[in-house]
Amino acid sequence: MDSETSNGIEETVLDILKTSNLEEVSEQKIRRMASEKLGLDLSEPTRKKFVRQVVEKFLAEEQAKREANAADEVKEEEEEENDEEEEDGKVKSSGDKEYDDEGDLIVCRLSQKRRVTVTDFRGKTLVSIREYYSKEGKELPTSKGISLTAEQWATFKKNIPGVEQAIKKMESKA
């Protein structure tokens, strides 16, 4: 396939992708629409493969943008929370870290009873999201919660944009 043809196919496919609802359109439909616009048969194997590559590249770039935007939003929220806490005088100096009674690092407190901690258990690093209770002046973990290995945490973190997207979708229905 010559470069003029491949450039034309790529531009047309990208135009279609940019104006389509990616939740509803399929690669086949995109290929058919581009074929009609260009007057070319894009079902031929090498052209079909090329269209697939363009679509996959576009989707990967869109996912990267969503992840970057989500990371920026989280960073902005954290900065806003830190600003609010600093105004209230609740934040320790930047170098200080908070540890619980068991010596585990408290990453954040989700509520008065819930927190995220990082701990070492039998030689494995775990991220725990758990409820705590007070007993004799100590805050102790309950069985209500989850502990994730570093590998599970990485998988979870990678899928946070998908969770956020599902939340937005559900909230928009309400």
Inset, instruction - Could you walk me through whether Val116 and Val127 pass the side chain to side chain contact (heavy atoms under 4.5 Å, CB included) test, one step at a time? - result: CA-CA 7 Å; Val116 179; Val127 176; 4.0 Å; yes
Inset, instruction - Considering only NZ, NE, NH1 and NH2 on the basic side and carboxylate oxygens on the acidic side, decide whether Glu24 and Lys29 come within less than 4.0 Å. - result: no
Inset, instruction - Say whether Val118 and Ile129 are linked into one hydrophobic cluster, either directly or through other cluster members, by side-chain heavy-atom distances under 4.5 angstrom. - result: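 Same hydrophobic cluster.
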Inset, instruction - Would you check if Thr142 and Tyr132 make a side-chain contact, meaning some heavy-atom pair closer than 4.5 Å? - result: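 No, their side chains stay 4.5 Å or more apart.
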Inset, instruction - Determine whether Thr117 and Leu105 make a side-chain contact, defined as any pair of heavy atoms from C-beta on separated by less than 4.5 Å. - result: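 No, every pair of side-chain atoms sits at 4.5 Å or beyond.
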Inset, instruction - Report the C-alpha separation of Leu14 and Phe58 in whole Å, then their side-chain angles, then the decisive distance to 0.1 Å, and conclude whether the side chain to side chain contact (heavy atoms under 4.5 Å, CB included) test is met. - result: CA-CA 7 Å; Leu14 289 174; Phe58 177 83; 3.8 Å; yes
Legend entry - Minimal non-hydrogen separation, Glu10 against Phe50, with atom names: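 Where Glu10 meets Phe50 most closely, the heavy atoms are N-CE2, 4.0 Å.
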Legend entry - Least distance between heavy atoms, Ala34 atom then Val13 atom: CB-CG2, 4.0 Å
Euclidean distance, [Y] [atom2] relative to [X] [atom1], rounded to 0.5 Å:
| X | Y | atom1 | atom2 | result |
| --- | --- | --- | --- | --- |
| Ile160 | Thr155 | CD1 | OG1 | 11.5 Å |
| Lys37 | Glu11 | NZ | CD | 11.5 Å |
| Leu140 | Asp100 | CG | CG | 9.0 Å |
| Lys158 | Gln63 | NZ | CD | 9.5 Å |

If the condition is side-chain hydrogen bond (donor to acceptor under 3.5 Å, both in side chains), which residues does [X] pass it with, not counting sequence neighbours?
| X | answer |
| --- | --- |
| Thr125 | none |
| Asp41 | Ser43 |
| Thr149 | Gln152 |
| Lys65 | Glu62 |

Inset, instruction - Could you list the residues that satisfy side chain to side chain contact (heavy atoms under 4.5 Å, CB included) with Ser35, not counting sequence neighbours? - result: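 Per chain and number, Ser35 pairs via side chain to side chain contact (heavy atoms under 4.5 Å, CB included) with Leu42.
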Legend entry - Partners passing side chain to side chain contact (heavy atoms under 4.5 Å, CB included) against Ser134 (at least two apart in sequence or in another chain):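 If we apply the side chain to side chain contact (heavy atoms under 4.5 Å, CB included) test to Ser134, skipping adjacent residues, the hits are Glu139.
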Inset, instruction - Test Thr12 against every option in Leu17, Ile30, Leu38 by the side chain to side chain contact (heavy atoms under 4.5 Å, CB included) rule and name the one that passes. - result: Leu38
Legend entry - Pairwise side chain to side chain donor-acceptor pair (under 3.5 Å) hits with a residue in residues 45-57, at least two apart: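 For residues 45-57, and leaving out neighbouring residues, the side chain to side chain donor-acceptor pair (under 3.5 Å) pairs sorted by first residue read Glu27-Arg52, Glu44-Thr46.
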Inset, instruction - Determine which pairs satisfy side chain to side chain donor-acceptor pair (under 3.5 Å) with at least one residue from residues 162-172, sequence neighbours left out, and list them in order. - result: none
Inset, instruction - Please identify each residue that fulfils ring pair (Phe, Tyr, Trp, His ring centres under 6.0 Å) with Phe156, with sequence neighbours left out. - result: Trp153
Inset, instruction - Would you kindly say whether Thr5 and Asp2 are connected by a side-chain donor-acceptor distance under 3.5 Å? - result: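 On atom types as modelled, these side chains qualify, holding a pair under 3.5 Å.
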Inset, instruction - Check the side chains of Thr119 and Asp104 for a donor-acceptor pair under 3.5 angstrom, ignoring hydrogens and angles. - result: yes
Legend entry - Whichever hydrophobic residues join Val163 through chains of side-chain contacts under 4.5 Å: Ile167
Legend entry - Connected-component partners of Leu126 among ILVMFWY, side-chain separation under 4.5 Å: Phe121
Inset, instruction - With sequence neighbours excluded, give me every salt bridge (charged side-chain N to carboxylate O under 4.0 Å, His left out) pair touching residues 117-135. - result: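 As it turns out, the salt bridge (charged side-chain N to carboxylate O under 4.0 Å, His left out) pairs with a partner in residues 117-135, which skip direct neighbours, are Arg114-Glu131.
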